[in-house]
Amino acid sequence: ASGSKNAPFILERIGLADQVDAVVSGRDITRSKPDPQVFLMAAQRLGVEPVDCVVVEDAQSGVEAARRAGMRALGIGPRPLEGAARTVEGLSEITPEELLAL
């Protein structure tokens with residue numbers, strides 16, 4: 001789930017499109033973050049409940065959108081993001097097991 005209208009193109013360019021089960025981009029939504037629409041639509045397309053989702057987010061508005069969707073958030077970046085269950089500088093700092101345990 002991304003507010004970027006280029007998300008599908010970027011996934012293709014970096015060779016990850018075949019690894020993603022569902023994509024929601026800025027082309028699919030009518031309301032931007034901190035509205036939870038993008039995350040709720042992604043959960044719906046995946047057939048999972050929002051409470052079972054973890055959002056990886058680098059912006060405060062995205063963390064707020066995750067919270068409003070009833071999802072947990074992992075903050076990415078050099079400083080803590082308010083409302084994130086945890087913030088790390090990069091994904092290499094967290095294991096899949098730790099991510100699932102948030």
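Just so you know, these numbers come straight off a predicted model, no measurement behind them. Just so you know, residue 1 is the first one in the sequence shown, and it goes up from there.
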Where is the tightest heavy-atom contact between [X] and [Y], given as atom of each residue plus distance?
X     : Y     : value
Val23 : Pro8  : CG1-CG, 4.0 Å
Cys53 : Val48 : SG-CG2, 3.7 Å
Pro34 : Glu64 : CB-CG, 3.7 Å
Met71 : Phe39 : CE-O, 3.2 Å
Val88 : Arg86 : CG1-NE, 3.6 Å
Thr87 : Leu81 : OG1-N, 3.2 Å

Checklist line | Leu40-Leu46 co-clustered via ILVMFWY side chain contacts under 4.5 Å | finding: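 Different clusters: Leu40 never reaches Leu46 through Ile, Leu, Val, Met, Phe, Trp or Tyr contacts under 4.5 Å.
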Main-chain N/O of [Y] paired with [X] side-chain donor or acceptor, under 3.5 Å:
X     : Y      : value
Gln37 : Arg31  : yes
Glu98 : Ile94  : no
Glu57 : Leu74  : no
Arg72 : Leu102 : yes

Checklist line | Sidechain N-carboxylate O distance under 4.0 Å for Arg45, Asp28 | finding: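 Yes.
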Notebook entry, point to check: Is the shortest heavy-atom distance from the side chain of Gln60 to the side chain of Val63 under 4.5 Å?
Noted result: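 Gln60 vs Val63: side chains touch.
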Checklist line | Within-4.5 Å side-chain heavy-atom neighbours: Ser2 and Val24 | finding: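 A side-chain contact under 4.5 Å is absent here.
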If you measure from [atom1] on [X] to [atom2] on [Y], what distance do you get to the nearest 0.5 Å?
X     : Y     : atom1 : atom2 : result
Leu11 : Asp18 : CG    : CG    : 10.0 Å
Arg67 : Glu82 : CZ    : CD    : 9.5 Å
Ser25 : Ile10 : OG    : CD1   : 10.0 Å

Notebook entry, point to check: Take atom CD in Glu49; do more than 12 heavy atoms of anything else shown fall under 6.0 Å from it?
Noted result: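 Count not over threshold, so no.
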Check: For Leu100, which fellow cluster members are found when Ile, Leu, Val, Met, Phe, Trp and Tyr are connected by side-chain heavy-atom distances below 4.5 angstrom, either directly or through intermediates?
Finding: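 When side chains under 4.5 Å apart are linked, Leu100 ends up in no cluster with other residues.
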